[in-house]
Each structure stands twice: as C-alpha cells, then as structure tokens.
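Notes follow the structure.
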Amino acid sequence: MPLLLATTNPHKLDEVRAMAHAAGLEIVGLDAVGRALPEPEENGATFAANARIKAAAYASETGWPCLADDSGLEVDALDGAPGVHSARYAGIGDTRRERDEANNTKLLAALRDVPDGRRTARFVCAMCLAAPDGRVLAETRGVFEGRVAREPRGTNGFGYDPLLVVPDLGRTSAELPPAEKNARSHRGAALRLMFPHLAALAASRIPSTSRQQP
Ligand code: ITT
C-alpha cells in the first residue's frame with residue numbers, strides 16, 4: 001500500500017520525498033490518488049491539531065496510510081505569530097508564490113522597528129502519521145531556530161525561507177542547498193523522528209497509538 005504525504009504544497013512533498021528516499025522509503029503525493037479529494041478544514045489551534053486533521057482526513061478518504069505536516073513560523077517579537085496562520089498571514093495572493101511574497105512583505109513591515117537582537121524566530125513542524133482507517137499512529141515535532149532578516153535573501157525553498165537567517169551560518173534558509181536545509185530543518189527533524197514509526201508500519205508492527213507530542 002502506498003504511503004501518502006497529504007499536502008497541497010509541492011515544496012513540502014519534494015523535501016519529504018528526498019529525505020524519505022535517502023532512507024529507503026517511497027512516498028507518494030496526492031496526485032497518485034488519481035481523483036480530486038476534499039480538502040479538510042485546518043481549524044485546529046495548534047500545528048499538532050492541524051497535522052492530525054490532515055493525516056486522519058486523507059487517510060480515511062483514500063484508505064492509505066497517510067503522513068501530514070502542519071508547519072509555520074513563530075516570531076518571538078510577535079508573540080508567536082504568524083504561527084498556525086503562516087500560510088495565509090497576509091491574506092492576499094492568488095498563487096502560492098504571490099502569497100509567500102505578500103507574507104514576507106507583511107512580516108518585514110511588522111518587524112521594521114524590532115532590533116536585530118529581538119528578531120528571534122523558528123520554523124515549527126508537526127507531523128502526524130495516520131493508519132488507513134484514519135487512526136493516529138504517531139506524532140512528532142521539529143523546530144528550526146533562527147532570526148528574521150531585514151530583507152529577503154536566497155532563491156531556494158519556499159515560504160519564509162528567504163527571511164529566516166540560520167545564526168551559525170549567517171545565511172538564510174533560502175540560501176542553503178536543499179540537502180543542507182533538510183539536515184537542519186524542522187521538517188527534517190520531525191521526519192527523522194517519524195522513521196521508526198514508518199518502518200514499523202511497513203512491517204505492520206504498529207501496536208497502538210504512540211505519541212511524542214504534547
Ligand atoms: P498543506 O496544508 O496542504 O500541507 P500549506 O503550505 O498550506 O500546505 P501549512 O498549512 O502547514 O501548509 O502552512 C505552512 C506555511 O508555513 C507555508 O505555506 C509557509 O508559509 C510556512 N512554512 C512552513 N515550513 C516552511 C519552510 O520549510 N520554509 C519556509 N516557510 C515554511
């Protein structure tokens with residue numbers, strides 16, 4: 001049975017697929033299902049809740065085991081915003097690229113008067129694995145610490161990557177080659193914690209729900 005990554009975001013699929021492939025696991029995207037699927041409403045208050053909603057909904061809909069990621073940027077000077085609203089922070093843009101640009105512009109404006117020492121932020125990723133019947137099998141979480149730049153830099157990645165400076169490198173996440181981002185990222189960390197659960201699922205040894213998430 002295929003392992004589905006339930007995301008409409010092609011960048012997430014590329015990242016997760018590359019890391020999973022390197023670990024000997026094959027993951028398919030929603031296009032492999034071969035029909036349009038209803039998008040669940042992500043109305044959870046936390047990344048973990050939204051990841052659960054997506055994984056359970058797409059697993060139940062397809063009958064396939066399903067992995068989902070809910071992620072975003074938490075900025076300390078904004079009390080954790082944009083947080084779970086990261087994807088549509090600015091509320092405008094018809095395409096993913098337009099929304100990303102508008103989000104980055106809004107974030108820079110919100111932080112215009114915030115000094116360098118107070119621009120700390122982190123990407124957070126909550127991942128959830130659901131069984132074909134929609135039951136939650138495992139939940140993991142990863143973070144990617146940095147600070148918000150004063151202007152976008154770099155062309156790799158997506159979303160807020162051009163704005164998150166990795167402190168020990170002095171480069172933004174969008175200036176990192178994909179493999180280097182994956183080695184440091186929130187999504188990479190969450191996925192690596194998920195590997196034992198995926199291996200157990202492949203061997204059909206999942207005994208019951210196992211949670212690593214508050
Ligand atoms: P799905 O819900 O279909 O997976 P999405 O892009 O809407 O796709 P989320 O609801 O999890 O996914 O929102 C994630 C947003 O957080 C994403 O659109 C970016 O704005 C930001 N984000 C998350 N991970 C990121 C990363 O690795 N690099 C840059 N921005 C990221």
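In this chain, residues are counted from 1 in sequence order. Each ligand, and each atom within it, is numbered from 1 in the order the structure gives. On a predicted model such as this, the values are computed, not experimentally measured, just so you know.
The OG atom of S71 lies 11.5 Å from the CZ atom of R141; values are rounded to the nearest 0.5 Å.
Across every non-hydrogen atom of L37 and Y58, the tightest pair is CD1-CD2, 3.8 Å.
Residue pairs that meet the salt bridge (charged side-chain N to carboxylate O under 4.0 Å, His left out) test with at least one member in residues 21-37, sequence neighbours left out, are R35-E61. Note on residues 156-176: pairs passing ring-ring contact (aromatic ring centres under 6.0 Å, His included), not counting sequence neighbours, are H11-F158. Within the structure, ring-ring contact (aromatic ring centres under 6.0 Å, His included) contacts touching residues 72-103 (residues at least two apart or in different chains) do not occur.
Of the possible donor and acceptor atoms, none in the side chain of R171 sits under 3.5 Å from a partner among the backbone N and O of V165.
Under 4.0 Å from any atom of ligand 1, one finds heavy atoms of residues T7, T8, N9, K12, E42, K54, D69, D70, S71, G72, S86, A87, R96, F123, F158, G159, Y160, D161, K181, H186, R187.
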